[in-house]
Q: 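Dumping the structure here so I can ask a few things about it.
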Amino acid sequence: MSGGAVSKLEGKVAWITGAGSGIGKALAIELARRGAHVAVSGRRMANLESVAKEIEKAGGRALPLGCDVTDEDDVARAVAQVVRELGRLDVCVANAGFSVAGSIAKLSAEDWRRQLDTNVVGAAITAKHALPELQKTKGRVAFVASVSAFVPAPGLGAYNASKAALRAIGLTLAAELHGTGVSATLIHPGFVESEIAQVDNQGHFDAARADKRPKNLMWRAEDAAKVMADAIVARKREVVFTGHGKIGAFLGQHAPGLLHVAFTRGPGAKQIKTLTK
């Protein structure tokens with residue numbers, strides 16, 4: 001970690017949604033190590049209070065607060081509480097989200113609404129209510145999207161659509177904010193350690209659920225947090241990681257036919273069909 005990275009966040013205030021575990025938790029601790037005070041929000045207060053203790057150990061002030069991003073009033077209250085208790089807002093990270101799994105032929109309208117309400121509307125409303133405060137500090141807003149925005153993996157149509165929509169929101173906001181001093185950063189992780197595979201289609205965490213993602217491609221959350229923090233500090237418009245994530249995103253943009261072949265006739269096609277039944 002460079003001294004410049006520390007100085008750019010020293011005394012700044014960050015707010016991260018969905019910060020009770022995984023990437024959100026790791027990023028909160030990383031920003032604290034770089035000198036920031038961090039508010040962490042989500043629906044599981046016990047997790048948030050645990051994260052807050054780690055933020056304080058890393059040298060930052062911490063503020064755990066309950067917030068459901070599907071409730072706009074809740075989001076507005078969270079922003080007000082961050083500013084009231086920590087004094088300002090310099091970085092907002094819209095990270096809250098989960099994955100609805102299942103083939104498009106079998107997903108219900110309620111499945112779709114639940115997915116988009118959290119991953120898309122929740123992120124947009126988070127940014128909306130943070131922006132007035134970010135404009136005062138010439139701050140930064142970041143969206144945690146996914147390589148799934150580029151890679152239409154079967155069985156994850158709702159999740160893929162939500163992350164593609166989030167990419168559109170982030171790029172649009174970056175254009176709308178041009179010249180204001182506020183930056184918008186889109187972050188697209190590949191496979192990273194998290195609880196996402198242990199959350200069901202209703203958004204409920206179940207520790208007994210198996211994570212079927214490929215372990216040999218999995219990044220540690222702490223390593224992902226460093227990449228994310230660097231991108232936010234540098235005010236990058238868009239960043240894709242990991243290595244396999246970059247390959248997937250490139251193919252999705254420039255050679256979608258190859259991805260189609262891989263999904264329908266490649267070595268993993270039978271396994272994909274089993275997962276989508």
Q: Under the 3.5 angstrom rule, does the side chain of D90 hit a backbone N or O of V13 as a donor-acceptor pair?
A: yes
Q: Give the intermediate values and the outcome of salt bridge (Lys or Arg N to Asp or Glu O under 4.0 Å) for residues E238 and R167.
A: CA-CA 9 Å; E238 193 167 24; R167 181 172 187 252; 2.5 Å; yes
Q: Verify salt bridge (Lys or Arg N to Asp or Glu O under 4.0 Å) between K8 and D230, making sure each step is shown before the conclusion.
A: CA-CA 11 Å; K8 288 183 179 179; D230 285 345; over 6 Å; no
Q: Parallel, tilted or perpendicular: which describes the rings of F241 and W219, with under 30° parallel and over 60° perpendicular?
A: tilted
Q: Would you mind telling me which of V141, L177, V79 makes a side-chain contact (heavy atoms from CB on, under 4.5 Å) with L134?
A: V141
Q: Given 3.5 Å as the limit, does a donor-acceptor pair link the side chain of N160 with the main chain of L156, or not?
A: yes
Q: What are the two closest non-hydrogen atoms of A58 and R33, and how far apart are they?
A: CB-CG, 3.8 Å
Q: Would you indicate whether the side-chain heavy atoms of V240 and F250 approach each other to under 4.5 Å?
A: no
Q: With distance as the sole test, does S103 use its side chain to make a donor-acceptor pair with the main-chain N or O of G155 at under 3.5 Å?
A: no
Q: Determine whether a donor-acceptor pair (N or O, by modelled atom type, separation under 3.5 Å) exists between the side chain of N95 and the backbone of V144.
A: no
Q: If you look only at pairs with a residue in residues 138-157, which of them pass as a side-chain hydrogen bond (donor to acceptor under 3.5 Å, both in side chains), with sequence neighbours excluded?
A: S146-S148
Q: Any salt bridge linking R114 with D117? Criterion: basic side-chain nitrogen under 4.0 Å from a carboxylate oxygen.
A: no
Q: Step by step, work out the salt bridge (Lys or Arg N to Asp or Glu O under 4.0 Å) result for K53 and E56.
A: CA-CA 5 Å; K53 290 177 182 178; E56 289 167 353; over 6 Å; no
Q: Keeping the roles fixed (side chain from T185, backbone from K236), state whether a donor-acceptor pair exists under 3.5 Å.
A: yes
Q: Hey, does the side chain of K163 reach the backbone of F150 with a donor-acceptor pair shorter than 3.5 angstrom?
A: no
Q: Would you say R237 has more than 12 foreign heavy atoms packed within less than 6.0 Å of its CZ?
A: no
Q: Say whether, by atom type as modelled, one donor and one acceptor occur between the side chain of N119 and the main chain of G97 under 3.5 angstrom.
A: no
Q: Starting from the C-alpha separation in whole Å, work towards a yes-or-no answer on salt bridge (Lys or Arg N to Asp or Glu O under 4.0 Å) for E222 and K226.
A: CA-CA 7 Å; E222 293 79 8; K226 290 181 174 64; over 6 Å; no
Q: Could you verify whether a donor N or O on one side chain and an acceptor N or O on the other, from S108 and D111, lie under 3.5 Å apart?
A: yes
Q: Are the side chain of Q115 and the backbone N or O of V100 linked by a donor-acceptor pair below 3.5 Å?
A: yes
Q: Do I23 and I187 make a side-chain contact, defined as non-hydrogen atoms from C-beta onward lying under 4.5 Å apart?
A: no
Q: Is there a donor-acceptor pair under 3.5 Å between the side chain of R235 and the backbone N or O of G139?
A: yes
